[in-house]
Structure formats: structure tokens, C-alpha cells
Amino acid sequence: VCLLNVGSNHPRKNLSTILKVLENLQRRGLPIHLWKVGADFTDEQKAFIQTQGLENHVSYLGKPDKSTLVQIYNGADILIAPSLHEGFGITLLEAMACGLPVITSKVSAMPEVVGNAGVLVDPTDCQAIADAVCHLHNNHDYYQELVNKGLVRAKSFTWEKTAEQIAEIYEKLLSQ
């Protein structure tokens with residue numbers, strides 16, 4: 001199972017929890033690998049990777065250009081993004097648009113972005129996140145259902161629709 005995480009390594013991105021989930025899944029015997037895109041791991045995270053023997057289960061892929069990033073999304077199995085807080089969550093949409101199921105947080109803006117097209121978890125619950133990965137891995141029908149829902153969900157977020165909604169707000173304000 002190839003997990004993907006895209007973004008910074010800011011504490012709100014909750015990368016330390018992702019690494020604990022990876023360690024949990026490795027202990028369960030799941031063939032697991034994490035691709036990290038964006039900012040590299042911190043020294044503390046690298047030390048955790050080494051002390052837990054996860055070096056062969058983690059790859060840092062740097063900061064790819066857009067077309068390479070799309071290939072990475074298409075090559076992974078699951079986007080794992082249990083952020084503690086997000087203003088929006090563009091990587092969730094990018095993943096869903098590429099047919100990649102999403103495991104993300106049930107807090108902040110993530111539920112609004114993902115809707116029913118992803119797995120929503122407590123971002124601090126390593127066990128629940130690991131269980132979600134296993135469920136997606138072991139249940140092909142559920143996996144495919146999330147792929148299909150994600151593709152539909154991503155289409156509902158376009159710049160045109162955003163502009164229409166903003167124009168409607170301005171019209172309402174001007175008519176008052």
C-alpha cells in the first residue's frame with residue numbers, strides 16, 4: 001500500500017502522527033510505503049523513522065512540478081492528510097481529482113472539502129487512521145466507491161463555480 005502525503009512539515013500537518021500510523025501498519029505486517037512530497041521531514045521525524053526501522057518504508061520525493069505531482073498522485077494508493085487545521089485543503093481535491101481515496105481529519109475545513117467522498121478520522125487517533133488504511137486496502141468495493149465519489153466531488157470545486165458564488169454574494173449585498 002502506497003500512502004501519499006503532500007505539503008509542508010508544519011506541526012498542524014500532523015506528520016508525526018502519520019509516521020506513528022506507518023509504524024503501526026508495519027507492525028501489523030501490511031506491505032506499506034509512504035511517499036512524502038513538499039517539505040522534507042524534520043530532523044526529529046528523521047530520527048523517529050530511523051529508530052523505528054522505517055527507512056525502507058519512507059521516500060521523500062522533493063518538490064515536483066505540477067505534471068510530476070499528478071503522476072505521483074496517480075501512482076499512490078491513498079492520500080493520508082490528518083491535519084489538525086486547514087484553511088481549505090487543495091491537496092484533498094487534487095488527490096480526489098486523480099482518483100485517489102483520501103483519509104483526512106474530521107475537523108476544520110476538511111469535512112467541507114471532502115464531504116462523503118473520503119474517510120474522516122480524529123487526527124490524533126493513530127489506531128483509527130491505521131484501521132482506515134487497512135479497511136481501504138482490504139475492501140476493494142469500498143475503495144472504488146471512494147474513488148468514484150472523489151472524482152464527482154472534485155468536479156464540484158471549480159473556479160467558475162467559485163466566481164458564481166462570489167457574484168451572488170455581491171448581488172445580494174448590492175440589492176440591500
Side-chain angles (χ1 to χ4, degrees), residues 1-22 25-26 30-50 54-105 107-115 117-121 123 129 132-133 136-137 143-144 146-166:
V1 179
C2 182
L3 302 178
L4 173 63
N5 179 265
V6 178
S8 72
N9 61 10
H10 188 279
R12 72 180 168 83
K13 294 293 188 176
N14 207 14
L15 214 49
S16 58
T17 294
I18 294 172
L19 293 174
K20 290 174 189 167
V21 167
L22 194 68
L25 292 168
Q26 186 221 3
L30 193 70
I32 197 82
H33 201 90
L34 172 67
W35 288 346
K36 175 69 178 98
V37 173
D40 197 357
F41 295 101
T42 64
D43 289 341
E44 183 181 327
Q45 292 161 349
K46 288 176 184 177
F48 180 87
I49 291 167
Q50 190 169 22
L54 297 173
E55 301 96 334
N56 294 330
H57 301 278
V58 177
S59 297
Y60 173 59
L61 304 181
K63 298 176 183 175
D65 60 34
K66 283 275 188 209
S67 65
T68 304
L69 181 58
V70 169
Q71 291 175 337
I72 292 169
Y73 277 122
N74 284 298
D77 297 311
I78 300 168
L79 180 78
I80 185 165
S83 296
L84 301 172
H85 174 76
E86 288 291 340
F88 180 70
I90 192 75
T91 59
L92 305 174
L93 284 181
E94 290 173 343
M96 290 188 298
C98 289
L100 189 61
V102 170
I103 297 173
T104 192
S105 303
V107 299
S108 190
M110 284 75 76
E112 189 178 341
V113 173
V114 173
V119 180
L120 298 174
V121 295
I129 298 168
V133 171
L136 278 168
H137 174 68
Y143 184 96
Q144 194 57 51
L146 286 188
V147 167
N148 296 339
K149 284 181 175 181
L151 290 168
V152 170
R153 182 77 179 168
K155 287 178 185 172
S156 67
F157 289 87
T158 65
W159 287 115
E160 292 80 12
K161 287 187 180 182
T162 302
E164 287 172 14
Q165 291 171 346
I166 291 171

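As a basis for the values below, the full set of heavy atoms in this structure was taken, side chains included, without hydrogen atoms, waters or symmetry mates. Here the structure is a predicted model, which means the values were calculated and not measured.
Here CG of Leu54 is found 12.0 Å from CD of Gln45. Values are rounded to the nearest 0.5 Å. Here the CD-NZ distance, from Gln71 to Lys66, works out to 14.0 Å after rounding to the nearest 0.5 Å. From Ile49, atom CD1 reaches atom CZ of Phe41 across 4.0 Å, with rounding to the nearest 0.5 Å. Put simply, OG on Ser16 and CZ on Phe48 are 8.5 Å apart, with the number rounded to the nearest 0.5 Å. From Asn9, atom CG reaches atom CG of Asn14 across 12.5 Å, with rounding to the nearest 0.5 Å. Interatomic distance, CG of Leu34 versus CD1 of Ile78, reported as 11.5 Å (0.5 Å rounding).
Two residues are said to be in side-chain contact when any heavy atoms from C-beta on lie closer than 4.5 Å; Pro101 and Tyr143 meet this criterion. Residues Val113 and Thr104 form no side-chain contact, since every pair of their non-hydrogen atoms from C-beta on lies 4.5 Å or further apart. Residues Ile18 and Leu22 form no side-chain contact, since every pair of their non-hydrogen atoms from C-beta on lies 4.5 Å or further apart. For the pair Pro123 and Thr17, the minimum side-chain heavy-atom distance is 4.5 Å or more. A heavy-atom distance below 4.5 Å is not found between the side chains of Leu84 and Ser105.
More than 12 heavy atoms of other residues, nucleotides or ligands shown are found within 6.0 angstrom of CD on Gln144. By the 6.0 Å contact criterion, CD on Glu112 is open, its count of non-hydrogen atoms from other residues, nucleotides or ligands being 12 or less. Around atom CG of Asp43, no more than 12 heavy atoms belonging to other residues, nucleotides or ligands sit under 6.0 Å away.
Here the shortest heavy-atom pairing between Gly38 and Tyr60 reads O-OH, 2.5 Å. Scanning both residues, Leu4 and Ala76, for their nearest heavy atoms gives CB-CB, 3.7 Å. Of all heavy-atom pairs spanning Gly115 and Leu120, the tightest one is O-CD1, 4.1 Å. Summarising the geometry of Ser67 relative to Asp65, their closest heavy-atom pair is OG-OD1, 3.2 Å, with the distance given to 0.1 Å. Across all non-hydrogen atoms, the minimal contact from Ala117 to Met96 is CB-SD, 4.0 Å. Nearest heavy atom pair, residue Asn74 against residue Cys98, reads OD1-O, 3.1 Å.
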Which pairs would a plain distance check flag for residues 86-93, meaning a side-chain donor or acceptor within less than 3.5 Å of a matching protein atom at least two apart in sequence or in another chain?
| unit_1 | atom_1 | unit_2 | atom_2 | d |
| --- | --- | --- | --- | --- |
| Glu86 | OE1 | Arg12 | NH1 | 3.1 |
| Glu86 | OE1 | Lys13 | NZ | 3.4 |
| Glu86 | OE2 | Arg12 | NH1 | 3.2 |
| Glu86 | OE2 | Lys13 | NZ | 2.7 |
| Glu86 | OE2 | Ser83 | OG | 2.8 |

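Take Leu30 and apply the side chain to side chain contact (heavy atoms under 4.5 Å, CB included) test, not counting sequence neighbours, and it matches Val1, Leu25, Ile32, Val133, Cys134, His137. Residues meeting the side chain to side chain contact (heavy atoms under 4.5 Å, CB included) test with Ala95, sequence neighbours left out: Tyr73, Leu79, Leu100, Val102.
Here the options are Leu136, Leu146, Leu3, the test is side chain to side chain contact (heavy atoms under 4.5 Å, CB included), and the partner is Ile103; only Leu136 passes.
Judged purely by atom type and a 3.5 angstrom limit, Asn5 has no side-chain atom pairing as donor or acceptor with the backbone of Leu15.
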